[in-house]
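These notes are about the structure you will find just below.
Just so it is clear, the model here is predicted, and its values are computed rather than measured.
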Amino acid sequence: MKNLIILILLLAGITACSDSKGTLTVNGNIKGLKQGTVYLQKLVDTTIVNVDSIKIDGEPVFKLTTTLENPEILYLYLDIKDGVKYDDRIQFFAEDTIINIETDLEKFEDNAQITGSKNQDILNIYETNKKPLNQVYTKLVQRSMQLNAMEDVSQEKIDSLTTAYDKYLRKKVLYAINYAQLHKDYEVSPYILVKDAFDAKAELLDSAYQMMPKKIQTSRYGKQLSELIKTNKEL
């Protein structure tokens, strides 16, 4: 009888643990916010949907929760009642843990400080290191607009811009692949490849994919990467 009671208690403990698995809690603070609604959102197919929300009235501190099948990108959206359209969203890599988001009303997206997610930490470093490449891309766009505005453009200038863009593209793709391989044990790895190396050769993507553990290959973005590789092989 004693053994049976112990077994029941153990099973109850296992059930409780499995019920809490995949639970995300977002604790936040938006300095300067008096009234409004904060939404926790996710992308379903091509539509952003709300998974939790809370109305703020006075205190800008909030708590939001949802369940996750896999770590994935979620969004924090703020709707304030001042007659002004507020479109900023804080994007972050969610995990089944407690994530803290601190920001302010004036620069809701730009001043966001996100802690508690290892995938987000890895993504932050990636995006910081990619800033020089982003600057190169901005300059290429400016050159393209200048050429489009000209009535008579030489083939030499067009070829020069094309060469510069191809060089930028190679650097962007190789950086994404190298960084993903370095962090192959995290769900952010296939996400980076799907986001920034989608136009890479299938062989390069597949090489990075094969290095990933099964857990990462079968994650949300791992499956997307697998489909991308198949598509690129058919091109």
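Electrostatic pairing of Asp196 and Lys130 counts as a salt bridge here, judged by a charged N lying under 4.0 Å from a carboxylate O. Salt bridge status for Lys118 with Glu95: absent, with no side-chain N to carboxylate O gap under 4.0 Å.
Connection of Phe198 to Tyr165 is not established within any shared hydrophobic cluster, with ILVMFWY side chains joined at heavy-atom distances below 4.5 Å, either directly or through further cluster members. Linking ILVMFWY residues whenever their side-chain heavy atoms come closer than 4.5 Å, directly or via other members, leaves Ile73 and Tyr77 in distinct clusters. Using a 4.5 Å cut-off between side-chain heavy atoms of Ile, Leu, Val, Met, Phe, Trp and Tyr, with links allowed through other members, Leu133 and Ile192 fall into the same hydrophobic cluster. Tyr175 and Ile177 fall into different hydrophobic clusters, defined by Ile, Leu, Val, Met, Phe, Trp and Tyr side-chain heavy atoms under 4.5 Å apart, directly or through other members. Grouping the Ile, Leu, Val, Met, Phe, Trp and Tyr side chains by contacts below 4.5 angstrom, directly or via other members, places Ile158 with Val141.
For the pair Thr231 (side chain) and Glu227 (backbone), a donor-acceptor distance under 3.5 Å is present. Side-chain atoms of Asp206 do not come within 3.5 Å of backbone N or O of Ala202 as any donor-acceptor pair. A donor-acceptor contact shorter than 3.5 Å is absent between the side chain of Asp45 and the backbone of Thr47.
Taken from NZ in Lys63 to CG in Asn27, the straight-line distance is 6.5 Å, to the nearest 0.5 Å. For the atom pair Lys215 NZ and Tyr186 OH, the distance stands at 9.0 Å (nearest 0.5 Å). To the nearest 0.5 Å, the span separating CG on Leu43 from CD on Gln91 amounts to 10.0 Å. Atoms CG and OG1, from Asp79 and Thr37 in turn, are 5.5 Å apart once rounded to the nearest 0.5 Å. If you take CG on Asp52 and CG on Leu64, they are separated by 5.0 Å, rounding to the nearest 0.5 Å. Summarising the geometry, atom CD1 belonging to Ile90 is positioned 10.5 Å from atom CD belonging to Glu102; distances are rounded to the nearest 0.5 Å.
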- Step by step, work out the side chain to side chain contact (heavy atoms under 4.5 Å, CB included) result for Val26 and Leu40. CA-CA 9 Å; Val26 178; Leu40 185 61; 4.2 Å; yes
- Item | salt bridge (charged side-chain N to carboxylate O under 4.0 Å, His left out) between Lys42 and Glu72, worked out | CA-CA 9 Å; Lys42 69 183 296 184; Glu72 63 177 295; 3.5 Å; yes
- Query: Between Leu169 and Lys172, does a side chain to side chain contact (heavy atoms under 4.5 Å, CB included) hold up when you go through it step by step?
  - Reply: CA-CA 5 Å; Leu169 198 60; Lys172 186 193 76 164; 4.1 Å; yes
- Please report the C-alpha distance between Lys157 and Leu147 in whole Å, then the side-chain angles of each, then the deciding distance to 0.1 Å, and finally whether the side chain to side chain contact (heavy atoms under 4.5 Å, CB included) criterion is met. CA-CA 8 Å; Lys157 289 183 178 180; Leu147 292 183; 4.1 Å; yes
- With side chain to side chain contact (heavy atoms under 4.5 Å, CB included) as the test, would you mind laying out the steps for Asp199 and Asn232 before giving the verdict? CA-CA 8 Å; Asp199 44 6; Asn232 287 6; over 6 Å; no
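Contact detail for Asn70 and Ser219: the closest heavy-atom pair is OD1-CA, 3.7 Å. Residue Ser189 comes nearest to Ala180 through the heavy atom pair OG-O, 2.9 Å, listed as atom of the first residue, atom of the second, then distance. Minimum heavy-atom separation, Ala164 to Leu140: CB-CD2, 3.6 Å. For the residue pair Asp96 and Leu68, the shortest heavy atom distance occurs at N-CD1, 4.0 Å. Listed here is the closest heavy atom pair of Ile56 and Val38: CG1-CG2, 3.9 Å. Shortest non-hydrogen contact noted between Thr103 and Asn111 is OG1-C, 3.7 Å.
The neighbour count for Gln155 CD, taken as heavy atoms of other residues, nucleotides or ligands under 6.0 Å away, is above 12. The number of heavy atoms from other shown groups lying within 6.0 Å of CE (Met150) is above 12. Atom CD1 of Ile98 is surrounded by 12 or fewer heavy atoms from other residues, nucleotides or ligands within 6.0 Å. The environment of OH in Tyr168 is crowded: more than 12 heavy-atom neighbours from other residues, nucleotides or ligands sit within 6.0 Å. For CD of Glu59, the number of neighbouring non-hydrogen atoms (other residues, nucleotides, ligands) closer than 6.0 Å is 12 at most.
Contact check for Pro190 versus Gln224: no side-chain heavy atoms found under the 4.5 Å cut-off. Residues Ile30 and Phe62 meet the side-chain proximity criterion, which asks for heavy atoms closer than 4.5 Å. Asp159 is not listed as a side-chain neighbour of Glu156, based on a closest heavy-atom distance of 4.5 Å or more. You'll find the side chain of Leu193 stays beyond 4.5 Å of the side chain of Tyr221, heavy atoms only. Side-chain contact between Ile125 and Thr128: absent, with no pair of heavy atoms (C-beta onward) separated by less than 4.5 Å. Looking only at side-chain heavy atoms (C-beta outward), Leu161 and Thr163 stay at 4.5 Å or farther from each other. Taking 4.5 Å as the limit, some side-chain heavy atom of Tyr126 sits within range of a side-chain heavy atom of Leu123. Side-chain contact between Ser207 and Gln181 is present, with heavy atoms from C-beta onward closer than 4.5 Å.
Annotation: Tyr191 is in aromatic contact with Phe93 [ring centroid separation under 6.0 Å].
Side-chain contact annotation: Asn129 with Tyr179, donor-acceptor N/O pair under 3.5 Å absent.
For Phe92, there are no ring pair (Phe, Tyr, Trp, His ring centres under 6.0 Å) partners two or more places apart in sequence or in a different chain.
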